[in-house]
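Notes for the one structure printed next.
In what follows, residues are counted from 1 in the order of the sequence shown.
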Amino acid sequence: MATAIPEVECLLRDASVAFKKKFGCDPQVAACAPGRVNLIGEHTDYNEGFVFPMALPMVTVVVGNKTTSGTCRVLTLANGVDEPKSVEFPCPSADSPLTPGKPHWANYVKGVVANFIGKVPSFDAVILTSVPIGGGVSSSASIEVATYMFLEQVSETAGEVKPMQKVLACQKAEHDFAGMPCGIMDQYIAVMGKAGHALLIDCRSLDGHLVPMADPSVVILVTNSNVKHELTGSEYPTRRRQCEWAATLMKKKSLREATEKDLTAFKSEMDAEMFRRIRHVISEIRRTEEATKALERNDYKTFGKLMNESHISLRDDYEVSCTELDQLVDAALEVDGVYGSRMTGGGFGGCTVTLVKKESVEKAIAHIKEKYNGSPTFYICLPADGARSLKL
Ligand code: GLA
């Protein structure tokens, strides 16, 4: 059985009850932002390539109030946080800027406070999320963007800043406060996602192109392996550096500019590992464009085939998959009615994404469960809306 995804209203109610208990009054403002699943286009965003994510129905909610105390107080209700769940920090000023520290989860909030465009007043807030934490579906971007939308309300500046500025401020928060040199995809889709659509993002021009994805005969199945290998932290920046090195070698601004022909021409100047890494990026950018066109004509067969090729490339060339993700993908592909399946997100654990006929989804879940040597969690997802303020 798939996990039931809580309604935003339920999260809002629970967060408000917790807020009253903790701070002794009702919250006045609230905002939410979704997690995301990337359908195809992995490790291409920081190479100025294409990515094709959709916003998930799982969201992070932030509720709270502006205060005059000069201190920001935040409580998280997130599951799986094994650090203190409450944090207090002074409202930043020019002479005392915020710095990252412990607890780790609070760095996402502090990073957004530090990068907010405008003056942030002190506030009390409660955070609650239904996005699986550390599951490769951007729980961190959902906290950052929900925090940004919340701060817009406590500072009464909603509407003053363009959506893209929010995206960039939240990405900077992740770089500077969480120490993760991520691309633009996660924060972009968290802000710009639209129900019933996937979003092709051109990470060079930063243009977005919405593609309808509302055919009732197919669904997106997100399967959480519930493992996270520690490698993630060090491997991501290493891959990024390798890509930058190769782009410089090929005299390109980024790998977006490089072709398969260029790669062959420079083959003798790269070691075998570097060659595979770059082959992944160049081929994945091409696959993402092709997959978008396939989805536009409801050609799920081609879309699924490209997803499968993406997984193989991530597994063998980019080497960011792991046994658990490979097992989940292999099991999914044994089921009739599954068009395609692949790891999604940074890799080394987290989730897979599977495109499957609606009528076959329960069968797919049962089969994957039987075949997988762990305890997976399943989410049947339709593309949801991006960040928004909520009425209390
Ligand atoms: C993480 C990063 C994204 C992107 C993916 C890989 O989720 O945050 O920017 O690079 O990995 O596609």
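- By the 4.0 Å N-to-carboxylate-O rule, Lys102 lies too far from Glu83 to be salt-bridged with it.
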- Message: Before you tell me yes or no, could you show the steps for Tyr46 and Tyr236 under ring-ring contact (aromatic ring centres under 6.0 Å, His included), namely the whole-Å CA-CA distance, both residues' side-chain angles and the distance that decides it to 0.1 Å?
- Response: CA-CA 11 Å; Tyr46 52 83; Tyr236 189 94; 5.3 Å; yes
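- Side-chain N/O atoms of Ser139 and Ser142 include no donor and acceptor closer than 3.5 Å.
- Scanning all heavy atoms of the two residues, the minimum distance from Ser122 to Cys91 falls at N-SG, 3.4 Å.
- Counting heavy-atom neighbours within 6.0 Å of Lys252 NZ, excluding the residue itself, gives a total above 12.
- Arg286 has its side chain within reach of Glu290: a pair of non-hydrogen atoms, C-beta onward, lies under 4.5 Å apart.
- Here the shortest heavy-atom pairing between Met164 and Tyr188 reads CE-CE1, 3.2 Å.
- Between Tyr318 and His43, the two ring planes are tilted [angle within 30° to 60°].
- Taking each heavy atom of Leu151 and Phe123 in turn, the nearest pair found is CD2-CE2, 3.6 Å.
- For Glu319 and Arg277, the salt-bridge test passes: some basic side-chain N is under 4.0 Å from an acidic carboxylate O.
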- Message: Under the criterion side-chain contact (heavy atoms from CB on, under 4.5 Å), I'd like the reasoning laid out for Leu355 against Ile220: C-alpha separation, chi angles, the key distance, then a yes or no.
- Response: CA-CA 5 Å; Leu355 180 69; Ile220 292 294; 3.8 Å; yes
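- Ser313 pairs with exactly one of Arg287, Arg342, Arg279, Glu42 by the side-chain hydrogen bond (donor to acceptor under 3.5 Å, both in side chains) rule, that one being Arg287.
- Closest non-hydrogen pair, Asp385 versus Ala55, comes out as O-CB, 3.9 Å.
- Between the CG atom in Asp336 and the NZ atom in Lys357 there is a gap of 7.5 Å [rounded to 0.5 Å].
- In this structure, the side chains of Lys110 and Val112 stay at 4.5 Å or more apart for every pair of heavy atoms.
- Here CG of Leu200 is found 4.0 Å from OG1 of Thr292. Values are rounded to the nearest 0.5 Å.
- Separating the OG1 atom in Thr129 from the CD1 atom in Ile143 is a distance of 6.0 Å, to the nearest 0.5 Å.
- Note that CZ of Phe303 is 6.0 Å distant from CD1 of Ile40, once rounded to the nearest 0.5 Å.
- Asp124 has no carboxylate O lying under 4.0 Å from a charged side-chain N of Lys22, or vice versa, which leaves the two without a salt bridge.
- Side-chain contact of Ser254 with Glu48: a donor-acceptor pair under 3.5 Å is present, judged by distance alone.
- Phe89 does not carry Arg73 over the face of its six-membered ring by the limits of under 6.0 Å from the centre and within 45° of the normal.
- Proximity of Tyr379 to Leu56: side-chain heavy atoms (C-beta onward) are nowhere separated by under 4.5 Å.
- In this structure, the side chains of Leu11 and Val59 come closer than 4.5 Å at one or more pairs of heavy atoms.
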I'd like a table of donor-acceptor pairs (distance under 3.5 Å, sequence neighbours excluded) in which one partner is a side-chain atom from residues 167-186, with atom names and distances.
from: Gln171; atom 1: NE2; to: Cys182; atom 2: O; distance (Å): 3.2
from: Gln171; atom 1: NE2; to: Gly183; atom 2: O; distance (Å): 3.1
from: Lys172; atom 1: NZ; to: Asp176; atom 2: OD2; distance (Å): 2.7
from: Glu174; atom 1: OE1; to: Ser140; atom 2: OG; distance (Å): 3.4
from: His175; atom 1: NE2; to: Cys182; atom 2: N; distance (Å): 3.4
from: His175; atom 1: NE2; to: Cys182; atom 2: O; distance (Å): 2.7
from: Asp186; atom 1: OD1; to: Arg36; atom 2: NE; distance (Å): 2.8
from: Asp186; atom 1: OD1; to: Arg36; atom 2: NH2; distance (Å): 3.1
from: Asp186; atom 1: OD1; to: Ser138; atom 2: OG; distance (Å): 3.3
from: Asp186; atom 1: OD2; to: Ser138; atom 2: OG; distance (Å): 3.2

- Item | Pair Glu235-His229, side chain to side chain donor-acceptor pair (under 3.5 Å): steps then yes or no | CA-CA 11 Å; Glu235 294 287 322; His229 295 294; over 6 Å; no
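- Side-chain contact between Val218 and Tyr339: present, with at least one pair of heavy atoms (C-beta onward) separated by less than 4.5 Å.
- A donor-acceptor contact shorter than 3.5 Å is absent between the side chain of Thr3 and the backbone of Thr377.
- Note that CD1 of Ile278 is 8.5 Å distant from CH2 of Trp245, once rounded to the nearest 0.5 Å.
- When side chains are defined from C-beta on, Ile368 does not count as touching Gln327, because their heavy atoms never get closer than 4.5 Å.
- In summary, the side chains of Asp262 and Thr259 do present a donor paired with an acceptor at a separation below 3.5 Å, with no hydrogens or angles considered.
- Side-chain contact between Cys381 and Met54 is present, with heavy atoms from C-beta onward closer than 4.5 Å.
- Looking at heavy atoms from C-beta onward, His311 lies out of side-chain contact with Ser341 at the 4.5 angstrom threshold.
- No donor-acceptor contact under 3.5 angstrom links the side chains of His280 and Asp316, judged on distance only.
- For Glu273, the CD atom counts as densely surrounded, since its 6.0 Å shell holds more than 12 non-hydrogen atoms of other residues, nucleotides or ligands.
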- Task: Evaluate ring-ring contact (aromatic ring centres under 6.0 Å, His included) for Phe275 paired with Phe266, printing each intermediate quantity in order.
- Result: CA-CA 9 Å; Phe275 180 80; Phe266 282 91; over 10 Å; no
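- Between the CZ atom in Phe52 and the CD1 atom in Ile189 there is a gap of 9.5 Å [rounded to 0.5 Å].
- Within a 6.0 Å radius of CG in Asp271, more than 12 heavy atoms belonging to other residues, nucleotides or ligands are found.
- Taking all atoms of both residues into account, the shortest heavy-atom contact from Leu98 to Pro92 is CG-CB, 3.9 Å.
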